[in-house]
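Here's the structure, in structure tokens; my notes come after.
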Amino acid sequence: MLSQETIRELRALWLPNITDAGLERLIDLMEQGSPLLVHGCFTRALPTGCLATHAAWHHPRTAHLTVDAGINWLHRVAGLNPATSHVIRDWDCAGQQGLEVRFELLRFFKEERATRRGTSAREPAGDLVPV
């Protein structure tokens with residue numbers, strides 16, 4: 001379950017700074033249970049990365065970066081300290097088996113996408129592939 005601090009950070013600093021392309025990428029990776037979306041580090045080997053890294057690779061200010069993209073996106077775009085981000089901490093602590101955290105984040109991402117599109121926020125969560 002996401003902490004209240006995580007939800008506040010997600011709404012105030014992550015969602016307003018994730019591009020539409022970044023949002024689509026995160027939703028797609030989460031729905032697929034993709035091994036390209038990692039826990040416990042920002043980037044293992046290209047093209048794997050955490051939530052922040054994939055958001056960064058789809059943001060005009062950080063798309064040109066590689067292994068330090070997620071750190072730079074968090075700091076320079078979202079205005080967060082990468083070491084103390086609640087979203088990153090919850091994501092990393094949940095690990096690959098943390099389906100509840102994955103489902104909750106996916107719900108927030110899909111609601112944001114629906115808001116941006118002006119459609120219903122009640123989209124189905126989709127089929128997640130356990131990893």
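The structure displayed is predicted, hence computed values, not measured ones. These values consider heavy atoms only, across backbone and side chains, with no hydrogens, waters or symmetry-generated copies.
Between Leu15 and Arg116, the shortest heavy-atom contact is O-NH2, 2.6 Å. Minimum interatomic distance between Cys50 and Ile88 (heavy atoms only, all atoms of both residues): SG-CD1, 4.0 Å. In terms of heavy-atom proximity, Gly70 sits nearest to Ala56 at N-CB, 3.9 Å. Across every non-hydrogen atom of Asn81 and Ala83, the tightest pair is OD1-N, 2.9 Å. Gly40 approaches Asp92 most closely through the heavy-atom pair N-OD1, 2.8 Å. Closest approach of Thr43 to Thr53, counting heavy atoms only: OG1-CG2, 3.5 Å.
At distances below 3.5 Å, at least one donor-acceptor pair connects side-chain atoms of Arg44 with backbone N or O atoms of His39. The closest donor-acceptor contact from the side chain of Glu5 to the backbone of His86 lies at 3.5 Å or more, if one exists at all. With Asn17 contributing its side chain and Leu13 its backbone, the two residues share a donor-acceptor pair below 3.5 Å.
Atom CD in Glu104 sits 11.5 Å away from atom CG in Leu99 (nearest 0.5 Å). Note that the NZ atom of Lys110 and the OG1 atom of Thr115 stand 13.5 Å from one another [nearest 0.5 Å]. Here the CZ-CD distance, from Phe108 to Glu111, works out to 6.5 Å after rounding to the nearest 0.5 Å. Between the CG atom of Leu51 and the CZ atom of Phe42 there is a distance of 10.0 Å, given to the nearest 0.5 Å.
Within the 4.5 Å cutoff, the side chain of Thr19 has no heavy atoms near those of the Leu23 side chain. Asp90 places none of its side-chain heavy atoms less than 4.5 Å from the side chain of Cys93. Side chains of Arg25 and Leu36 form a contact here, defined as non-hydrogen atoms less than 4.5 Å apart. Using a 4.5 Å heavy-atom cutoff, the side chains of His75 and Leu80 are not in contact. Looking at Pro82 and Trp73, their side chains never come closer than 4.5 Å, going by heavy atoms from C-beta outward. Side-chain contact between Trp91 and Ser85 is absent, with no heavy-atom pair separated by less than 4.5 Å. At least one side-chain heavy atom of His54 sits less than 4.5 Å from a side-chain heavy atom of Trp57. At a threshold of 4.5 Å between non-hydrogen side-chain atoms, the residues Leu26 and Ile18 count as touching.
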* **CA sep, side-chain torsions, deciding dist, call: Thr48, Leu37, side-chain contact (heavy atoms from CB on, under 4.5 Å)** => CA-CA 6 Å; Thr48 65; Leu37 189 57; over 6 Å; no
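Residues Leu65 and Trp14 are members of separate hydrophobic clusters, defined by side-chain heavy-atom contacts under 4.5 angstrom among Ile, Leu, Val, Met, Phe, Trp and Tyr.
For the residue pair Asn72 / Thr62, no side-chain donor-acceptor distance below 3.5 Å is found, with atom types taken as modelled.
Results of the side chain to side chain contact (heavy atoms under 4.5 Å, CB included) test with Arg102 over Glu31, Arg107, Met30 single out Met30 as the only residue that passes.
Other residues, nucleotides and ligands contribute only 12 or fewer heavy atoms inside 6.0 Å of the CZ atom of Arg76.
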